[in-house]
Amino acid sequence: MDISRRNLLKASGLSVAAFAVTGCGVAASASVTPEIKSEAAVKKLMPKSTGKRVVIVGGGWGGLTAARNVKKQAPDAEVVVLEKRALFTSCPISNEWLVGEIPLDFLTRDFFTAAKEYGYKMLQTTVTDIDRKSRTVATTCGTIDYDYLILSPGIRYDYSGWFGDDAQMAERCRQECPPALMQGSEHAALKKILEDFEGGNFIISIPDGAYRCPPAPYERAALIANYFRKNDIDGKVIILDPKDSPKPKGPGFMAAYKELYADIVEFHPNSSVKGVDLDKKELKVAVTDADLKTTMKIVKFDAANLIPVNGASELIKKAGVSMGKAGWGSMKAPTFQTKADDRVFVIGDSVGGYPYPKSGSIANGQGYIVADQIASRIKGTKEITNVTLPVNTCYSMVNDTEAISISATFSLVDAKDPEGDPIKKIVGDKKANNKRSAALGKGTHNWYQGMMTDLFGA
Ligand SMILES: Cc1cc2nc3c(=O)[nH]c(=O)nc-3n(C[C@H](O)[C@H](O)[C@H](O)COP(=O)(O)OP(=O)(O)OC[C@H]3O[C@@H](n4cnc5c(N)ncnc54)[C@H](O)[C@@H]3O)c2cc1C
C-alpha cells in the first residue's frame, strides 16, 4: 500500500463497520444481560490446563507482546489472551488516519494469524471480574483459571469532574466530543466530526494528571490544522492545557504551531476544563495567571475533542491490585509483579508508580519483562532481578511529512521508601529532538512498522 496516499478521509469512512465488537455468540460488551452473565459465571471458558496456564487480559500493545514472548520462552505453557475487540486497531499513527493521510488498514490487524503463528490462544470475550483467591477470571463467555495472570487492559475515562455521577451525560460527551484515546469507535466518530466540520472553533482539551500518550493531543492539533489548511476550512484549533506548555516536546510543538499554523492554532496554557455544557456547546475553563490567580472563563466550541481525566481500567481495582483514586496498578519496581500477589502482573497504561509515560513503546518493553519473569518461574529457574528496563521512543508528526521525537532510557538507583528502608527506584533520562524533519517523519513509520512486526510478525 502506498503510504503517501492523500485525502483518504472520506474514502476510508466506510471501514467504520470494521470496529464492531462481537464475541462468543453474544455481544461481548459490558451491557450483557444478567441472564447471560449468570450462565457465563458457571460456564468454563476452557477446561483446566494440564500444564501451567498464563492468562493475559487485553490484546493490545502490552498483552500481545507478553503472549508472544511467554510462549517463545516457555513453549510448554498454555498462554491465553482474552480480548473484547474483534479487530486490533492501533492508537499510534491513528492521528494520521483521522486527517486522511493513511488508510485504515495501516492501523488494523487480525488477532488470529499471530496467535496461530506464535502458538498462543486468542479468545474474544469481555473480562468482567478477577478472583485472585481461586485464581479465576470471569468473562461474558465463562470463567477461566490461571497459574499466572498478566493484566494489560489499558485505561478508563473519569468524567466525574464534569458530570458527577451522571453516567448518561458522560456517555453523551464521549460520543459527541470523542476523546479518541481508546481505539475503535471514538476515532471513527472524531473522524466523522472532522469530515462534517465547516468552520469555527475546534477545541482540544488536555486532562489533568497522567494520561495515555501525552504528546498525542498536540500532534492531533498540528495535523488537524494542516487538514483545515489543505481543505480551505476556516477553523481554529484551540488547545486548552492545564500545563504551562506542551509536554513533552514542547519547543517542537510550539515551533510548529507558530511557524506552520500561526493563523490556525491557539495554545492556551494553564487552562483546565471544569465544566461542559453540551447543549450550549460551552466549556467552563479555569485559567490560572502568573500570580496564581484563577478566573473562570466560558469558551464556545463548534466541535471538540474533550479528553477527560484518565485512570486505569476498572479491572485493576477489581483484581485488588490498584492504588489511589485513579486505580493504577501497584507494583514492585522493576518487575511489574503486583505488590499484592506474586502471580499477578500489570503492564501497559494501567501501570502506576513508575516514571514511564503511557506509551505503546513502553507497554511493549514491559511485555518482554513480564514474559522473562513468568517463563523463568515456569521453567523453575530463579526469579529475574536484574531487569533490563524498557526504553521509550515516540515520534509526533506535525505536517504531511515532518515529525519531532523524544526518547527516554531508564535506570535503577538506590533510594529509601517513606519508612526509610532501602529500595530501588527507577529514574528516567529523556532526550527530545524538537527540530522537525522529514527524516523523523520517515522514522515515525519505520518505528510503527517495526512494532507491528514485533506484535504480529508483519
Ligand atoms: C492518538 C494516540 C496516539 C498514540 N501514539 C503513540 C505513539 O506514537 N507511540 C507510542 O509508543 N504510543 C502511542 N500511543 C499510546 C499507546 O496506544 C498506548 O500506550 C498503548 O496502546 C498501551 O498499551 P496497553 O496494552 O496498556 O493498552 P491497549 O493497547 O489499549 O490494550 C488494551 C486492550 O485491552 C482490551 N480490554 C480492555 N478491557 C477489557 C476487558 N474487560 N475484557 C477484555 N479485553 C479488554 C482492549 O480492548 C484493548 O485491546 C498513542 C495513543 C493514542 C491515543
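Note that the structure is predicted; figures quoted are calculated from it, not measured. Both ligands and their constituent atoms are indexed starting at 1 by order of listing.
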Next item on the list: Using heavy atoms and a cut-off under 4.0 Å, could you grab the residues that are in contact with ligand 1, chain by chain, numbers ascending?
Entry: G58, G59, G60, W61, G62, L82, E83, K84, R85, C91, P92, S94, N95, T125, T126, V127, S152, P153, G154, A180, L181, Q183, R212, C213, A216, R220, L315, G348, D349, K358, S359, G360, S361, A363, Y395, W447

Note to self: Main chain of A312, side chain of R156: is a donor-acceptor contact present, judged purely on distance under 3.5 Å?
What the structure shows: yes

Item checked: Results of side chain to side chain donor-acceptor pair (under 3.5 Å) for N69 - residues two or more places apart only -> none

Margin query: Taking side chain to side chain donor-acceptor pair (under 3.5 Å) as the definition, give me every residue that meets it alongside Y354, ordered by chain and number, with sequence neighbours left out.
Written below: none

Item checked: Where at least one partner belongs to residues 107-123, residue pairs that pass salt bridge (charged side-chain N to carboxylate O under 4.0 Å, His left out), sequence neighbours excluded -> E78-K121

Check: Does the distance from a Lys or Arg side-chain N to an Asp or Glu carboxylate O, for E314 and K317, drop under 4.0 Å?
Finding: no

Margin query: Would you call the rings of F202 and F228 parallel, tilted or perpendicular, taking 30° and 60° as the class edges?
Written below: perpendicular

